[in-house]
Amino acid sequence: MRSHRAGSLRTEHVGATVRLGGWIHRVRDLGGVVFIDLRDRDGLVQLSFDPKWTPREALAVAGSVGQETVVLVEGTVELRPEAARDATMSSRDVEVRVSAIRVVGPAEVPAIPVSRKEGEELPAEELRLKNRILDLRRPELQRNIMLRHRLLQRSRRTLADLDFLEIETPILTKPTPEGARDYLVPSRVHPGEFYALPQSPQIYKQLLMVAGYDRYFQIARCFRDEDLRADRQPEFTQIDIEASFVGAEDVYRVVEQVLVALWDEAGEPIVAPFPRLTWREATERFGIDKPDLRFGFEIRDLSPFVRPDAAEFLRSALAAGQRVRGILAPGMAGLSRKDLDHLTAAAKGAGAGGLIWARRSESAWEGQGTKAFGLEGLAALGGSAGDMLLAVAGADGVTSPALHAVRSDLVRRPGVQPSTPHAFCWVVDFPLFEHDAESGQFVPAHHPFTAPHPEDVEFLERDPGRCRALHYDAVYNGNELGSGSIRITDPAVQRTIFRLLGIAPDEIRRRFGFLLDGLAAGAPPHGGFALGFDRITMLLAGATSLRDVIAFPKTTAARALFEGAPTPVNAADLRALHLRVED
RNA sequence: GGGGCUGUAGCUCAGCUUGGUUAGAGUGCCGCACUGUCACUGCGGAGGUCGCGGGUUCGAGCCCCGUCAGCCCCGCCA
């Protein structure tokens with residue numbers, strides 16, 4: 001039916017007779033002549049209707065079609081009479097002089113606009129989600145969805161070229177009641193029994209290693225029944241990778257190649273290898289395990305500079321073994337009272353008791369911080385005129401998030417320039433366990449299949465909190481792109497971990513027996529990674545929400561507004577599944 | 001589970017501070033005019049359960065209580 005896409009026509013097509021199909025984006029009816037912008041996934045082209053070349057019936061159609069109607073047109077490609085300068089049209093230099101037009105898909109007046117005026121706000125997100133097909137027609141979303149396609153293809157090609165096998169794992173899986181809540185699926189043929197949708201293919205991919213498929217990948221859909229955010233959806237996609245006979249270095253190299261390929265696909269050249277930071281270093285210098293390395297403003301330990309006659313709360317914090325840490329921010333002395341209040345609120349919001357500051361004017365330091373650190377202390381810090389010192393006292397668990405909040409605020413201020421557009425890094429040597437204050441238990445910092453750091457195995461039993469893991473995160477501009485680890489392959493070690501996590505032997509058997517049996521069947525050393533594909537696409541598309549890179553996303557209440565899910569089911573269906581709904 | 005913001009015409013918003021006649025604007029839609037526009041232009045018109053429920057009041061879009069939905073954040077997300 002079509003010879004070309006509307007948005008693909010260029011000057012090289014001048015003179016050609018073309019047949020196009022697309023949607024009516026905009027109509028400009030001047031009475032005698034009519035102009036229509038025709039849209040398809042390649043973009044827009046101007047259709048020109050003129051009695052000189054357009055039959056009367058076709059002119060009548062052009063003057064009466066409504067927005068979003070689907071038409072087939074035939075005509076010839078011509079250069080526009082004057083040098084057209086409409087940069088919004090991909091085919092701006094040419095137009096199609098129409099000889100025939102036919103309406104093939106009449107459209108109701110759209111509930112939300114597809115073509116917007118310059119500067120016109122987007123409709124409310126609720127309406128965009130309810131009218132998703134109209135929203136998906138917008139060129140911005142079409143670009144995002146097409147970029148997503150290219151990134152998917154490029155990751156497949158890159159990994160296949162590296163000799164990775166794409167292998168699918170089940171969507172109906174075994175519940176592993178740990179970590180996030182599972183989405184459950186009732187079994188009809190086994191009353192009272194349930195499948196779970198996978199939170200990730202973790203165990204399956206490890207078993208594939210045991211089975212000898214030594215390089216695996218999957219573009220895997222994962223499901224977690226947790227509360228949502230702008231960057232979190234109940235179902236999401238990850239590029240899941242696992243390889244045998246590898247160490248962390250091998251995994252870094254593979255993941256770096258994938259990321260370089262993806263950024264290249266989006267037109268952003270980057271270089272590998274990425275710098276590395278230990279988890280301890282990251283939290284010490286940046287207050288967080290996913291530092292944004294595009295900016296300075298590093299955190300320093302100011303404890304040694306606190307004067308003996310400093311305020312009581314500072315001295316008692318030090319006496320309690322806590323620290324005073326802060327950021328010496330170059331050129332920030334101009335922050336107003338209001339700015340400082342804002343920064344203080346940010347620090348307090350992250351748990352700090354308050355924020356101490358001192359600013360260095362041309363000649364002297366001023367502010368409450370001068371008393372805390374004294375002029376000698378401030379001099380020893382090495383600040384120069386125009387600098388601002390911002391400090392927080394407390395346990396590291398308090399000062400780190402507080403100073404991260406302060407730093408995040410600072411880097412968003414006008415005039416603060418990133419040193420580079422793309423700052424990747426590896427954060428390595430994460431702790432194996434975290435202590436859960438609520439239960440008093442150790443819980444896995446990531447998942448219970450992560451191998452302990454070989455140097456720390458001795459601490460496993462006597463000081464689990466001190467044990468590092470062979471776990472690593474890929475971080476980009478302050479965003480976690482994904483994480484991975486070298487896995488435990490010794491069933492005895494795996495049992496020990498389960499035991500330390502307080503899981504009873506029979507429970508271990510019931511939940512993880514199939515994994516332990518697998519490891520006992522002859523397991524190669526292996527490890528892998530999972531990249532958050534939606535988040536990567538969002539970052540590369542310049543979008544601010546995952547919803548803008550997913551064709552049919554859910555709301556923050558996990559509802560699908562367009563199709564209307566979830567939904568109650570009728571009593572007969574429930575009976576067949578052996579379920580009864582209580583309220 | 002908790003906190004915040006938003007909800008008025010198909011769409012984007014104003015009106016709420018200080019309750020008071022017929023709730024406005026832009027755009028879209030409908031009609032008329034217009035032969036090179038590109039946010040076409042000009043003239044005319046239709047279009048509203050002010051999210052929903054309750055309360056206060058002589059009187060509520062506006063004040064109070066509740067509720068629903070969307071968004072953002074904390075908890076949570078091995």
Side-chain angles (χ1 to χ4, degrees), chain A residues 25-37 44-54 59 63-64 66-68 78 80-82 84-89 91-92 95 97 108-131 134-135 176-182 199-200 202-203 222-234 236 346 349-351 401 405 430 432-434 436 438 441-450 469 471 480 483 485 497-498 501 503 511-512 530 532 544-545 547 554-559 561:
Chain A
H25 192 68
R26 241 193 303 263
V27 179
R28 292 177 293 282
D29 184 349
L30 275 62
V33 296
V34 181
F35 299 99
I36 291 179
D37 295 341
L44 298 172
V45 73
Q46 173 167 285
L47 306 177
S48 147
F49 300 77
D50 188 306
K52 292 194 200 77
W53 53 75
T54 307
L59 262 169
S64 64
Q67 287 187 59
E68 298 309 310
E78 303 289 347
R80 289 195 179 196
E82 73 251 47
R85 63 262 93 131
D86 185 356
T88 61
M89 241 177 269
S91 51
R92 60 201 164 120
E95 65 179 17
R97 299 193 170 176
E108 292 172 359
V109 174
I112 58 172
V114 176
S115 75
R116 283 179 302 149
K117 302 270 180 183
E118 205 172 289
E120 188 180 339
E121 295 287 332
L122 278 175
E125 185 139 25
E126 186 175 359
L127 292 166
R128 292 176 48 205
L129 292 170
K130 275 185 181 146
N131 300 280
L134 292 173
D135 201 39
T176 50
E178 222 176 31
R181 276 183 283 267
D182 285 322
Q199 295 181 27
S200 90
Q202 180 63 32
I203 295 181
C222 305
F223 306 84
R224 290 179 193 172
D225 188 5
E226 293 292 345
D227 290 346
L228 307 173
R229 295 279 193 285
D231 62 349
R232 232 190 274 166
Q233 281 275 305
F236 58 97
F430 277 76
L432 186 59
F433 298 105
E434 279 167 7
D436 181 30
E438 207 175 303
Q441 271 276 335
F442 280 104
V443 296
H446 291 86
H447 58 59
F449 318 116
T450 305
H471 176 102
E480 182 192 324
S483 66
S485 62
I497 298 287
F498 286 142
L501 296 174
I503 310 175
R511 275 203 230 161
F512 301 110
T544 53
S545 164
R547 292 182 295 272
K554 308 275 191 292
T555 67
T556 49
R559 275 194 184 280
L561 295 183

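Reminder, nothing fancy here: chain letters follow the sequence lines and each chain counts from 1.
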message: Please give the distance between the P atoms of U21(B) and G66(B) as a whole number of Å.
response: 29 Å

message: Of the options C29(B), U12(B), U35(B), whose atoms approach the side-chain atoms of Lys52(A) most closely?
response: U35(B)

task: Please report, rounded to the nearest Å, how far the C1' atom of U6(B) is from the CD atom of Glu126(A).
output: 10 Å

task: Please state the P separation for the pair A9(B) and G42(B) - nearest whole angstrom.
output: 26 Å

message: Measuring to OP1 and OP2 of U37(B), would you say a side-chain N or O of Arg28(A) lies under 4.0 angstrom away?
response: no

query: Of all the nucleotides listed (U12(B), C71(B), U35(B)), which has the minimum atom distance to the side chain of Arg547(A)?
result: C71(B)

message: Over all strands shown, is Arg229(A) touching base, sugar-phosphate only, or nothing at heavy-atom distances under 4.0 angstrom?
response: base

message: Quick check for you: among G70(B), C77(B), C38(B), whose closest atom lies nearest to any side-chain atom of Leu561(A)?
response: G70(B)

- request: Classify the nucleic acid contact of Leu127(A) as base, sugar-phosphate or nothing, counting any heavy atom under 4.0 Å across all strands shown.
  value: sugar-phosphate

- prompt: Can a donor-acceptor pair under 3.5 Å be found between the side-chain atoms of Arg232(A) and the base atoms of C76(B)?
  reply: yes

message: Under 4.0 Å, counting only non-hydrogen atoms across every strand here, what does Asp225(A) touch: a base, just sugar-phosphate, or nothing?
response: nothing

task: Determine: side-chain N/O of Arg80(A) to OP1/OP2 of U37(B), distance under 4.0 Å, yes or no.
output: no

Pair assignment for G28(B), Watson-Crick or G-U wobble, requiring both distances under 3.5 Å: none

- prompt: Of all the choices, C71(B), C11(B), C77(B), which nucleotide is nearest to the side chain of Glu125(A) once you look at every atom?
  reply: C71(B)

task: Give Gln67(A) one of three labels, base, sugar-phosphate or nothing, depending on what nucleic acid heavy atoms sit under 4.0 Å from its own.
output: sugar-phosphate

task: Would you mind classifying the nucleic acid contact of Thr450(A) as base, sugar-phosphate or nothing, using non-hydrogen atoms under 4.0 angstrom?
output: nothing

